[in-house]
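Lettering follows sequence order; numbering is per chain, from 1.
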2 protein chains.
Amino acid sequence: MSRSAVSRTFTDGASVSPKMRKKVEKAAQDLGYSPNALASSLTTGRTKLIGLVSNNFHNPLFLEIFDLFTRGLQDHGLRPLLVNLTDETDPQNSVRMMRQYSVDGVVVASSTLPPAFAGAFRDAGVPVVHSFGRYSSSPEVHVVGIDNVECGRMAARTLIESGYDDLAFLGGPETATSTQDRLAGFAQEVAKHPQVRMRSSFAAAYTFDAGRAEMLRLTQGNPAKAYFCGDDVLSIGALSALAEAGLRVPEDIGVIGLNDMEMAGWQNINLTTIRQPIEQIVRSSIELMESMLEDAGRYPEARIFPCKVIERGTLKPKA
Amino acid sequence: MSRSAVSRTFTDGASVSPKMRKKVEKAAQDLGYSPNALASSLTTGRTKLIGLVSNNFHNPLFLEIFDLFTRGLQDHGLRPLLVNLTDETDPQNSVRMMRQYSVDGVVVASSTLPPAFAGAFRDAGVPVVHSFGRYSSSPEVHVVGIDNVECGRMAARTLIESGYDDLAFLGGPETATSTQDRLAGFAQEVAKHPQVRMRSSFAAAYTFDAGRAEMLRLTQGNPAKAYFCGDDVLSIGALSALAEAGLRVPEDIGVIGLNDMEMAGWQNINLTTIRQPIEQIVRSSIELMESMLEDAGRYPEARIFPCKVIERGTLKPKA
DNA sequence: AATATTTTTGCAACCGGTTGCAAAAAGAAT
DNA sequence: ATTCTTTTTGCAACCGGTTGCAAAAATATT
């Protein structure tokens with residue numbers, strides 16, 4: 001029973017006779033031995049470690065996303081090494097760290113990080129997919145997500161079909177690419193309808209407080225009749241502000257969100273929103289990652305999934 | 001410039017002359033070299049990998065907890081290897097996995113897992129701390145969390161002080177130790193007040209839907225005047241049910257939750273609740289883990305942090 | 001300047017596995 | 001029974017680092 005024999009019984013596809021395997025397994029059992037994954041990575045070059053880096057640790061939607069990612073990766077025998085990107089952390093730092101731990105790949109799960117961030121991994125030779133990233137027809141790296149421009153159009157279309165003609169976009173931080181894209185689509189669709197007017201403003205962050213603050217400010221003046229908020233949490237903040245201002249939803253003002261996080265379906269929130277198919281996005285991201293593990297040189301690809309409107313109670317029913 | 005010289009420039013405290021260090025650093029720069037953490041772990045026996053295992057991927061509070069843990073660990077140069085424990089996964093399985101990846105330690109972040117689960121790691125010789133675990137005066141493993149019995153008492157006391165005398169406990173799953181402890185404390189305090197009556201019931205899970213369903217059921221009959229719900233999400237579900245049943249809070253029925261997750265402070269929820277000091281618990285857990293990395297044989301210790309009532313709008317103001 | 005002391009450096013063995021290759025064992029064919 | 005194949009096994013080198021130890025270099029002492 002040599003060292004190689006042991007190694008071979010634990011790597012499937014290797015040539016070991018049934019009896020040798022039995023013998024080794026028995027011994028392993030008795031000694032409580034199990035192979036050291038890290039040592040083996042040294043020669044095989046694979047760690048099965050996947051860096052999961054995100055900066056969205058305040059949006060409950062991302063708990064759902066982390067749940068899906070961790071379960072999905074585990075099911076494929078991969079291990080998520082979690083990286084919480086705060087504002088201070090230097091991107092290059094996390095790139096270096098990921099390399100030191102020889103991760104097999106990195107998935108960047110964030111709707112607010114710029115494409116260049118994910119690019120840094122690719123430049124370092126680490127397979128990377130950017131989930132929930134910005135759609136581009138010629139992506140720098142693999143991107144899996146939604147078409148934010150189309151979502152903007154969809155929101156405008158929905159509001160208009162519901163009979164609103166005084167619209168507004170309440171976005172997240174003006175610098176986030178997702179915000180810009182959604183606004184662009186929204187404006188584009190509105191432009192097709194001469195009788196419809198629109199305006200826009202921005203919350204400081206994709207948070208309840210920011211949404212509420214901005215909507216409170218808006219209710220001081222002369223608010224629009226229907227708002228497309230760039231995110232569900234933002235929407236809920238806005239709804240809170242509206243309630244506090246004594247305005248009824250949807251009778252006085254309509255609201256449509258984006259994401260369809262679990263909470264949006266809660267009966268006391270009941271938010272009409274555009275559903276982002278996170279299960280599909282995550283599943284597809286993992287599949288893409290797996291295929292890159294086989295062939296790292298794969299040409300960057302954008303996988304875009306369609307969104308759909310989930311009608312609940314914050315918009316007047318369509319006529 | 002030998003291999004050892006390189007190794008020494010990257011391990012602090014090693015004997016290298018300034019000029020040698022410069023030379024190595026220059027070369028590393030040019031070649032884009034950075035040491036392989038996994039290879040080094042082979043000889044040093046330390047990976048700086050910490051298993052972060054949890055089964056609470058549906059409670060938004062845990063997003064806050066993951067945020068704190070990942071940031072905290074990162075700040076100490078440790079890397080969280082995330083494990084999502086689903087119902088199907090065999091505990092032994094994750095123990096083996098953690099050993100294969102030679103994690104330096106494991107933190108079990110869960111209020112619902114039994115102490116025995118964390119014990120399995122200890123038995124395997126892996127340093128472990130159970131955060132948000134059940135308090136015990138003679139813990140099997142290090143536990144950091146709150147005293148659920150005392151929380152139960154505190155809830156009852158608060159309700160009684162607010163003038164309610166027809167109380168009820170609306171717990172999570174009856175099997176969860178946290179539920180049992182909270183109920184015990186609640187009942188214990190009520191027993192001191194002969195004029196106060198109480199009852200109890202249980203939601204199927206610590207979720208909005210379960211809380212709502214149970215409260216809807218209760219409103220069919222003759223509900224109590226004030227409820228202590230075993231968790232904020234549960235409370236919010238209950239609040240939704242009460243609103244749907246046309247009952248006013250706090251005028252008709254009072255509600256107090258537990259956890260004080262971010263959402264509880266949202267103006268349109270405004271839940272009176274018992275705050276669990278998660279920042280302290282997480283910080284302390286990490287400190288404890290660090291000290292175990294030095295001295296693995298440390299005697300199991302229970303660190304319990306006090307909770308406090310956060311008064312908001314779901315209880316009648318104290319007289 | 002010669003010697004003693006301290007610091008820096010490189011050698012070589014080791015950490016715990018994997019893997020190409022040749023020797024040994026088992027099975028098939030004659 | 002002998003020879004030819006095929007399968008199984010062990011040897012030894014390697015993955016990318018660390019570290020005790022002795023040799024070499026730099027500093028200090030007389």
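- Using a 4.0 Å heavy-atom criterion, one finds that Ser17(A) contacts the sugar-phosphate atoms exclusively.
- Straight-line distance from the NZ atom of Lys22(B) to the P atom of dT8(C): 15 Å, rounded to whole Å.
- Considering only heavy atoms from C-beta on, Met289(A) stays 4.5 Å or farther from Val106(A) through its side chain.
- Rounded to an integer number of Å, the gap from NZ of Lys48(A) to P of dT18(C) is 12 Å.
- Across dC11(C), dG17(D), dT8(D), the shortest atom-to-atom separation from the side chain of Ser4(B) is found for dC11(C).
- Non-hydrogen atoms lying under 4.0 Å from DNA chain C are contributed by Tyr33(A), Ser34(A), Pro35(A), Asn36(A), Ala39(A), Ser40(A), Leu42(A), Thr43(A), Thr44(A), all within residues 24-45 of chain A.
- Arg96(A) pairs by the side-chain hydrogen bond (donor to acceptor under 3.5 Å, both in side chains) definition with Asn93(A), not counting sequence neighbours.
- Tyr101(A) places its OH atom 13 Å from the P atom of dG17(D), with the value rounded to the nearest Å.
- In this structure, Val6(B) reaches neither bases nor backbone, as no heavy-atom distance under 4.0 Å exists between it and the strands shown.
- A salt bridge links Arg71(B) and Asp67(B); the closest N-O separation between the charged side-chain nitrogens and carboxylate oxygens is under 4.0 Å.
- In the helix from dA1(C)-dT30(D) to dT30(C)-dA1(D), the end axes, each obtained as the rotation axis mapping the C1' atoms of four pairs onto the next four within a five-pair block, lie 30° apart to the nearest 10 degrees.
- Checking Met20(A) against Lys19(B), the closest nucleotide of DNA chain D that is more toward the 5' end is the one next to Met20(A).
- Distance CZ (Arg8(A)) to P (dC21(C)): 13 Å, rounded to an integer number of Å.
- Sorted by first then second residue, the side chain to side chain donor-acceptor pair (under 3.5 Å) pairs that include residues 277-287 of chain A, not counting sequence neighbours, are Ser131(A)-Ser285(A), Arg275(A)-Glu279(A), Ser284(A)-Arg303(A).
- For the atom pair CG of Asp295(A) and CD of Glu290(A), the computed distance is 13.5 Å after rounding to the nearest 0.5 Å.
- At the phosphate of dT7(D), neither OP1 nor OP2 sits under 4.0 Å from any side-chain N or O atom of Ser15(A).
- Atom CZ of Arg46(B) is separated from atom C1' of dG16(C) by 18 Å (rounded to the nearest Å).
- The interatomic distance linking Arg3(A) (CZ) with dG10(D) (C1') rounds to 11 Å, in whole Å.
- Taking the side-chain hydrogen bond (donor to acceptor under 3.5 Å, both in side chains) definition, one finds that Ser54(A) meets it with nothing, sequence neighbours left out.
- Ring centers of Phe57(B) and Phe66(B): under 6.0 Å apart, within the cut-off.
- Between Met1(B) and Ala27(B) the shortest heavy-atom distance is CE-CB, 4.0 Å.
- Side-chain N/O atoms of Ser7(B) include none lying less than 4.0 angstrom from OP1 or OP2 on dG17(D).
- Listed by first and then second residue, the side chain to side chain donor-acceptor pair (under 3.5 Å) pairs involving residues 100-115 of chain A are Thr47(A)-Asp104(A), Asn55(A)-Ser110(A), Asn55(A)-Thr112(A), Asn56(A)-Ser110(A), Ser110(A)-Thr112(A) (not counting sequence neighbours).
- Checking Phe10(A) against Val16(B), the closest nucleotide of DNA chain C that is more toward the 5' end is the one next to Val16(B).
- For Met1(B) and dC11(C), the CE to C1' distance is 17 Å, given to the nearest whole Å.
- A donor-acceptor pair shorter than 3.5 Å cannot be found between the side chains of Ser178(B) and Tyr135(B).
- With rounding to whole Å, Lys23(B) atom NZ is found 10 Å from dT9(C) atom C1'.
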